[in-house]
Amino acid sequence: MKKKIIRFLKVAIFCTVCVLCNACSWLAEDPGVDVNWQNIQIMNKSGEKIYALEFMFKDSTLLTPQYVFEVFGGKLLIETENDSSFIGKIPIPDNELQANDKYQVIIFKQSTLDKYSKEEIIKQNIFDKRYELSYNELKKMNFKITYSGN
């Protein structure tokens, strides 16, 4: 009986320590985790359904069809009907260097996806529109992008 009580106390103490450590980690400031985000409205005025992917690289990498279909598997494409919009997000920069990072949106119209295979799209680098905009450029646009199909 005494062994069971000691065993129970050890488990209880261990669980208490785990809970306290976890609670403390929530309270600790970690500047890399707490990011404030700005919503960006991407409006489809193309006259047809579109598929878009938004992404932000920390370097000058371009978002290409190869990234969309081979790296991301096409699973992150956002389907948007004509005269509808979706909301993207960009981190609010802490400094001017971060404000120059490029937020990218790549768009494929339904007609493009119907006309070409994914292999052709990747090999020939086919897409309908790619936006590459900094935080400051988006701010001037009131954080709204309208895709007209051109």
Side-chain angles (χ1 to χ4, degrees), residues 11-150:
V11 170
I13 290 169
F14 176 76
C15 290
T16 304
V17 169
C18 288
V19 168
L20 287 175
C21 287
N22 200 12
C24 290
S25 70
W26 291 335
L27 297 174
E29 276 190 45
D30 185 358
V33 173
D34 190 23
V35 175
N36 293 316
W37 297 90
Q38 171 65 51
N39 287 342
I40 301 167
Q41 182 181 21
I42 296 97
M43 186 72 174
N44 177 14
K45 293 286 189 181
S46 69
E48 64 181 285
K49 189 185 299 184
I50 64 168
Y51 296 85
L53 179 82
E54 51 135 6
F55 204 78
M56 190 164 177
F57 292 103
K58 291 289 183 190
D59 56 20
S60 60
T61 302
L62 285 178
L63 186 56
T64 64
Q66 183 177 12
Y67 272 102
V68 173
F69 294 109
E70 288 183 350
V71 177
F72 300 124
K75 296 175 185 169
L76 300 178
L77 283 171
I78 301 164
E79 180 181 320
T80 307
E81 298 290 336
N82 185 47
D83 286 329
S84 295
S85 64
F86 69 92
I87 302 297
K89 291 188 180 295
I90 186 172
I92 297 173
D94 292 331
N95 55 53
E96 197 57 36
L97 185 62
Q98 289 177 350
N100 291 322
D101 289 342
K102 296 293 184 181
Y103 171 80
Q104 298 181 53
V105 179
I106 192 167
I107 296 174
F108 303 91
K109 292 191 287 191
Q110 180 68 58
S111 58
T112 300
L113 296 177
D114 291 343
K115 185 175 179 180
Y116 301 100
S117 70
K118 288 180 184 171
E119 292 77 20
E120 289 173 305
I121 289 171
I122 293 166
K123 185 176 182 181
Q124 297 176 34
N125 199 35
I126 298 169
F127 56 91
D128 292 294
K129 184 72 173 183
R130 179 177 43 224
Y131 295 93
E132 301 169 59
L133 301 163
S134 70
Y135 182 87
N136 291 332
E137 290 169 323
L138 286 162
K139 189 175 185 178
K140 288 177 187 173
M141 298 167 64
N142 208 21
F143 298 102
K144 292 182 182 177
I145 297 171
T146 301
Y147 174 64
S148 63
N150 300 330

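In this chain, residues are counted from 1 in sequence order.
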#### Entry: Evaluation steps, ring pair (Phe, Tyr, Trp, His ring centres under 6.0 Å), between Tyr116 and Phe127
CA-CA 10 Å; Tyr116 301 100; Phe127 56 91; over 10 Å; no
### Query
For residues Lys89 and Asn39, is any side-chain donor paired with an opposing acceptor at under 3.5 Å?
yes
### Query
Who are the side-chain hydrogen bond (donor to acceptor under 3.5 Å, both in side chains) partners of Thr80, not counting sequence neighbours?
none
### Message
The test is side-chain contact (heavy atoms from CB on, under 4.5 Å); show your working for Leu63 and Phe72 and say whether it passes.
### Response
CA-CA 11 Å; Leu63 186 56; Phe72 300 124; 4.2 Å; yes
### Query
To the nearest 0.5 Å, how far apart are CH2 in Trp37 and CD1 in Ile87?
14.5 Å
### Task
Taking atom types as modelled, find out whether Asn125 and Gln66 have a side-chain donor-acceptor pair closer than 3.5 angstrom.
no
#### Entry: Within residues 137-150 or reaching into it, pairs that qualify as salt bridge (charged side-chain N to carboxylate O under 4.0 Å, His left out) - sequence neighbours excluded
Lys102-Glu137
### Message
Main chain of Thr61, side chain of Gln104: is a donor-acceptor contact present, judged purely on distance under 3.5 Å?
### Response
yes
### Query
Who pairs with Lys115 by side-chain hydrogen bond (donor to acceptor under 3.5 Å, both in side chains), at least two apart in sequence or on another chain?
none
### Task
Would you sort out whether Arg130 and Glu132 count as a salt bridge (charged side-chain N to carboxylate O under 4.0 Å, His left out), showing the intermediate values?
CA-CA 7 Å; Arg130 179 177 43 224; Glu132 301 169 59; 3.6 Å; yes
### Task
With sequence neighbours excluded, tell me which residues meet ring pair (Phe, Tyr, Trp, His ring centres under 6.0 Å) with Tyr67.
Phe57
### Task
Indicate whether any N or O donor in one side chain lies under 3.5 Å from an N or O acceptor in the other, for Gln110 and Tyr51.
yes
### Message
For Phe108, give me all partners under ring pair (Phe, Tyr, Trp, His ring centres under 6.0 Å), at least two apart in sequence or on another chain.
### Response
Phe69
### Partner of Ile50 under side chain to side chain contact (heavy atoms under 4.5 Å, CB included), chosen from Asn82, Leu113, Ile107
Ile107
### Query
Is there a donor-acceptor pair closer than 3.5 Å between any side-chain N or O of Asn44 and the backbone N or O of Ser84?
no
### Task
Could you list the residues that satisfy ring pair (Phe, Tyr, Trp, His ring centres under 6.0 Å) with Tyr131, not counting sequence neighbours?
none
